Protein chains: 2
Amino acid sequence: MARKKKILATPEPIRPGDEDLGEIRNIVGFHIRLAQGAVYRHFTEAFTSLDLTQKQVSMLWLVGDHPQIAQSDLARRMRMDRATTMAVVNRLEARNLLERQPSPNDGRKHALYLTDDGNQVLSSAKALINQHEEWLKSRFSDAEVSTLIELLSRIHGWFPTD
Amino acid sequence: MARKKKILATPEPIRPGDEDLGEIRNIVGFHIRLAQGAVYRHFTEAFTSLDLTQKQVSMLWLVGDHPQIAQSDLARRMRMDRATTMAVVNRLEARNLLERQPSPNDGRKHALYLTDDGNQVLSSAKALINQHEEWLKSRFSDAEVSTLIELLSRIHGWFPTD
DNA sequence: TATTGTTATACTCTATAACTATA
DNA sequence: TATAGTTATAGAGTATAACAATA
């Protein structure tokens, strides 16, 4: 069930004059969206071979870290609603990377766990993530990376605990 | 051609224990995606009445600032490819907020401009954006806002010129 | 009643590919 | 040849709504 998509288009290069964005350049939300777009494109190119999206990798990662996690727990941690979570889980299950089990404690919940394929793919994905993050972090000092994560955490509500 | 969607679901509140994100908390891309998601949800709630997306508002704003702009110019400034730009322009044109004119200089290009409705909607949108940005910026000092914009600009490639 | 998972439905964004018209 | 716009197609993410099973 592979995607037909082959190579990802990168935006056309900036031309002289394009820099003038007007007042919109002071809108924080605009910059977050553009940054997410840039990261998304680089991520998708990096993961062409594995054919995984940001969301799918995040989910594999979290299930790997928390075996037997329920979908509702996943949804809260990834800040998604149940229906969206369902869609992502379905895709990963269809590719035999992840499976559902009945939860022993709560009949309403399903416990999620990675298959052998899922563990193997996650391992490859983490290696690719490291390369992708290197591309992303290379423009920042370590202190700037910490600052950026801290500022972004204030927006999405997670506070990394070291 | 209004959307059927009425009210937007917000993610369920965080529970004790959810804070443990494991190694993934050090991934910058993960935080950018979560932050964009939070901003997206608040934006969509704020723009329920106007029924506009982030992309649509950005486009109206840029066309308002640069009348007669061509789609290809818009695409470069918003870091989108032509097909995606086309889709957004089509939606705005279908709602009579924006129109295409043949460009006087270059027969290949179409000049875009806002209709009277478009100008009116943009005006309302800017007022809503100010409220939305206030929500976003309230958690930062002015210096932190500048820092955040500067750091994000290094990712998406735009360097605000004051 | 509340929670969890599920299914059906729909819209936006993003992108590829191929085509036409113009420069 | 290169650029600009267009159309067709498709996958992923996001969401609403309604339902069944369980707590």
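Numbers restart at 1 for each chain; the letters A, B, ... are given by sequence-line order, proteins then strands. Values in this document were obtained by computation on a predicted structure and should not be read as measured data.
- The side chain of B/Arg91 contributes an N or O atom lying less than 4.0 Å from OP1 or OP2 of C/dT12.
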Show me the donor-acceptor pairs, under 3.5 Å and distance only, between side chains in residues 121-130 of chain A and residues at least two apart or in other chains.
residue, atom, partner, partner atom, Å
A/Ser124, OG, A/Gln120, O, 3.3
A/Asn130, ND2, A/Lys126, O, 3.4

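- When the side-chain hydrogen bond (donor to acceptor under 3.5 Å, both in side chains) test is applied to B/Thr84, the partners found at least two apart in sequence or on another chain are B/Asp81.
- Atom CD1 of B/Ile69 is separated from atom P of D/dG5 by 10 Å (rounded to the nearest Å).
- Here B/His132 pairs with B/His42, B/Phe43, B/Trp135 under the ring pair (Phe, Tyr, Trp, His ring centres under 6.0 Å) rule; sequence neighbours left out.
- What separates CG of A/Asp51 from P of C/dA15 is a distance of 15 Å, to the nearest Å.
- In terms of the side-chain hydrogen bond (donor to acceptor under 3.5 Å, both in side chains) criterion, residue partners of A/Glu99 (sequence neighbours excluded) are, by chain and number, A/Tyr113.
- Rounded to an integer number of Å, the gap from CZ of B/Arg82 to C1' of D/dA8 is 15 Å.
- If you check every strand for non-hydrogen atoms under 4.0 Å, B/Arg100 touches sugar and phosphate atoms only.
- The nearest heavy atom of DNA chain C to A/Arg33 and to A/Gln71 marks one nucleotide each, and the one closer to the 5' end goes with A/Gln71.
- Counted by atom type alone, A/Thr53 and A/Arg91 present zero donor-acceptor pairs between their side chains at under 3.5 Å.
- For B/Asn119, there are no side-chain hydrogen bond (donor to acceptor under 3.5 Å, both in side chains) partners two or more places apart in sequence or in a different chain.
- At D/dG13, one or more side-chain N or O atoms of A/Thr53 fall inside 4.0 Å of OP1 or OP2 (strictly under the cut-off).
- Distance A/Glu93 CD to C/dT6 C1': 12 Å, rounded to the nearest Å.
- Nearest nucleotide to the B/Lys109 side chain, out of C/dA15, D/dA4, C/dG5: D/dA4.
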Nucleotide N/O of nucleotides 20-23 of chain C paired with protein N/O under 3.5 Å:
residue, atom, partner, partner atom, Å
C/dA23, OP1, B/Gly107, N, 3.0
C/dA23, O4', B/Arg108, NE, 3.4

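- Side-chain atoms of B/Ala87 lie closest to C/dT14 of the nucleotides C/dT14, D/dT14, D/dT6.
- In this structure, the CE atom of A/Met59 is 11 Å from the C1' atom of D/dG13, given to the nearest Å.
- Here the nucleotide nearest the side chain of B/Met80, chosen from D/dA15, C/dT14, D/dT7, is C/dT14.
- A heavy-atom distance below 4.5 Å is found between the side chains of B/Val28 and A/Leu148.
- Although no hydrogens or angles enter the test, the distance criterion places no donor-acceptor pair under 3.5 Å between the side chain of A/Arg100 and the main chain of A/Leu112.
- One interatomic measurement links the two molecules: CG of A/Asp81 to P of C/dT6, which rounds to 14 Å at whole-angstrom precision.
- Residue-to-nucleotide proximity on DNA chain C shows that, of B/Lys55 and A/Asn90, the 5′-proximal contact is made by A/Asn90.
- Between B/Thr84 and C/dT14 there is no side-chain polar atom (N or O) within less than 4.0 angstrom of OP1 or OP2.
- Taking every side-chain heavy atom of A/Ser72 into account, C/dG5 is the closest of C/dG5, C/dC13, D/dT6.
- The side chain of A/Arg41 approaches C/dA15 more closely than any other nucleotide in the set D/dT14, C/dA15, D/dG13.
- Summarising the geometry, the separation between CE on B/Met86 and P on D/dA10 is reported as 19 Å, rounded to the nearest angstrom.
- Which of C/dC13, C/dG5, C/dA15 sits closest to the side chain of B/Ala83 comes down to C/dA15.
- If B/Ala70 and A/Gln54 are placed on DNA chain D by their nearest nucleotide, the residue sitting closer to the 5' end is B/Ala70.
- Whole-Å rounding puts the A/Leu74 CG to D/dT14 P distance at 14 Å.
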